[in-house]
Amino acid sequence: MRLTHGDPEQATFYDSWGTPVEVALKWKREGAQRLHIIDLDAALGKADNLKTVLKISKEMELPVQVGGGIRSVKAVERLLNAGIQYVILGSLAFQDPAAITRILEKFSAERIIIALDNREGMVLIEGWTSITKFTLKDALEAYVKQGAKYFLLTSIAADGTLSGPDLDTLEEACIWSGGGIIAAGGIGTLKDLVALKRVGVDAAVVGKALYEGKFTLKQAIEAVGEN
């Protein structure tokens, strides 16, 4: 399932592609080096899909990064101990900043990704339903000081639109953080991927463009590898 602007009322389902595990294995066959999974049910406060997530991780035998509804230190520990390589933390980072300090101290900062879902310069949490008091710049600087190394920046306005990423914001974020930026939202063409590499992001999350056939994963890998 894929949302537009994070809105459950604007969901697109891709059931015809097969089960989540089957789809994950397809991306592995096509050259994926890491899989990005967001548990939308958990993010929206519904039942989680942990069993499915763990099954995907086991079958993939590739690094998986998981986000959505991870709102306690115990939840982080459960995922990492179960074999998930990277966890994405959004709401927890802003509702309990001290927990992030404990998590970064207990686990390697290499395995923790702070989600900074943003709109008009402000960070939103809880499935994009609640706005925080943090600007994107303030949040990046604060968590860099805490020892965080990786940040997932999603442009809410562009998410699911295929209209292009927010390059200006991402370029600034790369400067503010010193690196470690993963871009998401709006990616719709191979040129978008090349542009993201040019502004300095470390990686990009591509979803809808692949499911809608805008380009193949092989083409995407070749595009960024050649530029």
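Given the structure is predicted, the values throughout are model-derived calculations rather than measurements.
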Please set out all donor-acceptor pairs under 3.5 angstrom arising from side-chain atoms of residues 177-187, sequence neighbours excluded.
| unit_1 | atom_1 | unit_2 | atom_2 | d |
| --- | --- | --- | --- | --- |
| Ser177 | OG | Ala173 | O | 2.9 |
| Ser177 | OG | Gly179 | N | 3.1 |
| Ser177 | OG | Gly179 | O | 2.9 |

| Does the Lys149 side chain pair with the main chain of Glu110, one donor and one acceptor, at a distance under 3.5 Å? | no
| field | Flag, side chain of Asn81 to backbone of Glu77, donor-acceptor distance under 3.5 Å | value | yes
| said: Given 3.5 Å as the limit, does a donor-acceptor pair link the side chain of Lys214 with the main chain of Thr189, or not? | reply: no
| task | Please determine, by modelled atom types, if Arg34 and Gln65 share a side-chain donor-acceptor pair under 3.5 angstrom. | result | yes
| task | Just do the side-chain contact (heavy atoms from CB on, under 4.5 Å) check on Leu124 and Ile156 with the steps written out, would you? | result | CA-CA 9 Å; Leu124 279 73; Ile156 297 172; 4.0 Å; yes
| request: Could you tell me whether the side chain of Glu22 and the main chain of Thr19 form a donor-acceptor pair under 3.5 Å? | output: yes
| task | Measure across Ile100 and Ile114 and return the closest heavy-atom pair with its distance rounded to 0.1 Å. | result | CG2-CD1, 4.1 Å
| What are the two closest heavy atoms between Ala109 and Gly147, and how far apart are they? | CB-O, 3.6 Å
| For Ile88 and Ile70, what are the C-alpha separation, side-chain angles and deciding distance, and is it a side-chain contact (heavy atoms from CB on, under 4.5 Å)? | CA-CA 8 Å; Ile88 303 167; Ile70 306 171; 5.7 Å; no
| query | Quick one: CG on Leu210 to CD on Glu30, what's the gap to the nearest 0.5 Å? | reply | 8.0 Å
| note | Rounded to the nearest 0.5 Å, the CZ atom of Phe151 sits from the CG atom of Asp202 at a distance of 11.0 Å
| remark: Rounded to the nearest 0.5 angstrom, the NZ-CZ distance for Lys191 and Arg198 is 11.0 Å
| task | Determine, stepwise, if the pair Leu62 / Trp27 fulfils side-chain contact (heavy atoms from CB on, under 4.5 Å). | result | CA-CA 11 Å; Leu62 286 175; Trp27 297 134; over 6 Å; no
| said: With ring-ring contact (aromatic ring centres under 6.0 Å, His included) as the rule and sequence neighbours excluded, what pairs involving residues 68-95 come up? | reply: Phe94-Phe134, Phe94-Tyr143
| query | Charged N to carboxylate O under 4.0 angstrom, Lys137 versus Glu141? | reply | yes
| Is there a donor in the side chain of Asp166 and an acceptor in the side chain of Thr169, or the other way round, less than 3.5 Å apart? | yes
| request: Taking atom types as modelled, find out whether Ser91 and Glu126 have a side-chain donor-acceptor pair closer than 3.5 angstrom. | output: no
| task | Please determine if Glu59 and Lys55 form a salt bridge, counting it only when a charged side-chain N lies under 4.0 Å from a carboxylate O. | result | no
| For the residue pair Ala24 and Leu35, what are the closest heavy atoms and their distance? | CB-CD2, 3.6 Å
| task | Taking all non-hydrogen atoms of both residues into account, name the closest pair between Val64 and Ser57 and its distance. | result | CG2-CA, 4.0 Å
| Flag, side chain of Arg71 to backbone of Ala43, donor-acceptor distance under 3.5 Å | yes
| field | Gap separating the CG atom of Leu140 from the OG1 atom of Thr135, nearest 0.5 angstrom | value | 8.5 Å
| Is the backbone of Asn49 close enough, under 3.5 Å, to the side chain of Asp39 for a donor and an acceptor to pair up by distance? | yes
| note | In terms of heavy-atom contacts, Asp192 and Gly164 come closest through OD2-CA, 3.7 Å
| query | Applying the side-chain contact (heavy atoms from CB on, under 4.5 Å) test to Leu80, which of Val87, Ile103, Val66 qualifies? | reply | Val87
| field | Cluster overlap Tyr150 with Ile175, hydrophobic side-chain contacts below 4.5 Å | value | no
| Which heavy atom of Ala209 sits nearest a heavy atom of Leu162, and at what distance? | N-CD2, 3.6 Å
| Is there a side-chain contact between Leu170 and Leu196 (heavy atoms, below 4.5 Å)? | yes
| field | Worked check of side-chain contact (heavy atoms from CB on, under 4.5 Å) between Leu136 and Met122 | value | CA-CA 6 Å; Leu136 180 59; Met122 302 301 295; over 6 Å; no
| query | Any side-chain heavy atom of Cys174 sitting closer than 4.5 Å to one from Val201? | reply | yes
| task | Kindly compute the distance separating CG (Leu54) from CD1 (Ile84), expressed to the nearest 0.5 Å. | result | 5.0 Å
| field | Main-chain N/O of Leu116 paired to Asn118 side chain as donor or acceptor, under 3.5 Å | value | yes
| said: For a 4.5 angstrom cut-off between non-hydrogen side-chain atoms, does Asp117 reach Ile125? | reply: no
| query | Got a donor-acceptor contact below 3.5 angstrom from the Gln85 side chain to the Gly83 backbone? | reply | yes
| query | Quick one: OG on Ser72 to CZ on Arg78, what's the gap to the nearest 0.5 Å? | reply | 7.5 Å
| Is any side-chain heavy atom of Trp176 less than 4.5 Å from a side-chain heavy atom of Val144? | no
| So, the side chain of Thr132 versus the backbone of Val123: is there a donor-acceptor pair under 3.5 Å, distance only? | yes
| query | Is the side chain of Lys28 donor-acceptor paired with the backbone N or O of Met60 at a distance under 3.5 Å, no angle test? | reply | yes
